[in-house]
Each structure stands twice: as structure tokens, then as C-alpha cells.
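Heads up, the thing below is written out as C-alpha cells.
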Amino acid sequence: MVRGCQNNFLPRSIEGIQNVEVFHRIYEILGMGWVYAATSLPVIGAIADFLYGIWADWRLFLTGRPDLATIVRERSSRLACKTQSRCRLMDEDD
């Protein structure tokens with residue numbers, strides 16, 4: 001099961017895989033394995049993993065988004081604020 005995901009529709013066979021292999025397996029599950037079939041070949045798979053590694057490292061910057069640490073920090077702050085307001089005891093003036 002994917003961490004943090006409550007849906008159990010993904011087979012256990014995809015646990016522990018990474019990079020382009022994730023896409024290859026998911027497309028196979030969806031019946032569209034031909035889309036990433038070439039990545040099963042050793043040379044093409046190695047090149048695809050290398051290029052994906054570069055993209056994964058730079059995608060947020062290249063698309064004008066903040067880095068992952070900033071995204072997580074901002075999301076945690078928003079969630080903490082929502083939780084605090086839901087659980088806040090009301091003053092007599094409220």
C-alpha cells in the first residue's frame with residue numbers, strides 16, 4: 001500500500017519500486033503497458049531513470065514552485081491552524 005493512502009487498490013507488487021519503473025508498472029496495471037514498454041530494455045531504462053532523476057530534482061524549480069521543504073512547512077502550518085481553530089475553546093465573548 002502507498003504510504004498515507006487509504007485506498008488498497010494498488011497491488012503489493014509495486015512496493016519498493018522507484019523512478020520510471022513506477023510508471024511502467026502503473027501503466028501495465030491500467031492495461032497501457034505499451035506506453036512505457038521500451039523502459040524495460042536495459043539501456044533505455046537506464047537512460048530514462050537518469051533523465052527522470054534530473055527532472056525529479058529540478059521539476060519544482062523549473063515549474064516555478066517552492067521547494068518540497070517549503071511546501072511541507074506551509075501545509076503543516078495550515079493544518080495546525082485549522083486544527084487549532086476547530087478545537088479552540090470559545091471565550092465568553094465569542
Side-chain angles (χ1 to χ4, degrees):
M1 184 166 84
V2 175
R3 182 180 297 175
C5 182
Q6 297 301 317
N7 298 320
N8 292 320
F9 62 90
L10 296 175
R12 293 220 178 266
S13 64
I14 68 164
E15 288 183 3
I17 62 171
Q18 56 187 351
N19 300 328
V20 175
E21 181 66 15
V22 173
F23 299 104
H24 178 75
R25 299 263 187 107
I26 294 298
Y27 273 78
E28 279 189 7
I29 290 168
L30 296 174
M32 299 172 54
W34 57 270
V35 174
Y36 279 90
T39 63
S40 296
L41 302 170
V43 173
I44 294 175
I47 292 169
D49 279 341
F50 176 76
L51 294 174
Y52 180 77
I54 293 170
W55 169 250
D57 289 341
W58 287 91
R59 68 181 174 248
L60 296 174
F61 174 77
L62 293 173
T63 57
R65 295 182 288 172
D67 64 10
L68 191 55
T70 303
I71 293 169
V72 170
R73 187 176 54 251
E74 289 173 354
R75 178 170 165 70
S76 295
S77 293
R78 280 195 313 273
L79 291 175
C81 289
K82 287 181 181 178
T83 302
Q84 289 172 1
S85 66
R86 267 189 276 152
C87 300
R88 182 172 60 104
L89 294 175
M90 303 299 271
D91 293 333
E92 290 181 21
D93 297 335
D94 288 341

Using a cut-off of 6.0 Å, state whether more than 12 heavy atoms not belonging to Trp55 lie near its atom CH2. yes

Members besides Ile44 in its Ile/Leu/Val/Met/Phe/Trp/Tyr cluster (side-chain heavy atoms under 4.5 Å): Leu41

Transitively linked via ILVMFWY side-chain contacts under 4.5 Å: Leu51 with Val20? yes

Do Ile47 and Val35 land in one hydrophobic cluster if side-chain heavy atoms of ILVMFWY residues count as linked below 4.5 Å? yes

If you look only at pairs with a residue in residues 36-53, which of them pass as a side-chain hydrogen bond (donor to acceptor under 3.5 Å, both in side chains), with sequence neighbours excluded? His24-Ser40

Cut-off 3.5 Å, no hydrogens considered: what does the side-chain donor-acceptor table look like for residues 61-68, sequence neighbours left out?
residue: Thr63; atom: OG1; partner: Arg59; partner atom: O; Å: 2.6
residue: Thr63; atom: OG1; partner: Leu60; partner atom: O; Å: 3.3
residue: Thr63; atom: OG1; partner: Arg65; partner atom: NE; Å: 3.0
residue: Thr63; atom: OG1; partner: Arg65; partner atom: NH2; Å: 3.4
residue: Asp67; atom: OD1; partner: Thr70; partner atom: N; Å: 2.9
residue: Asp67; atom: OD1; partner: Thr70; partner atom: OG1; Å: 2.5

Under a 4.5 Å side-chain heavy-atom rule over Ile, Leu, Val, Met, Phe, Trp and Tyr, are Phe50 and Val43 clustered together? yes

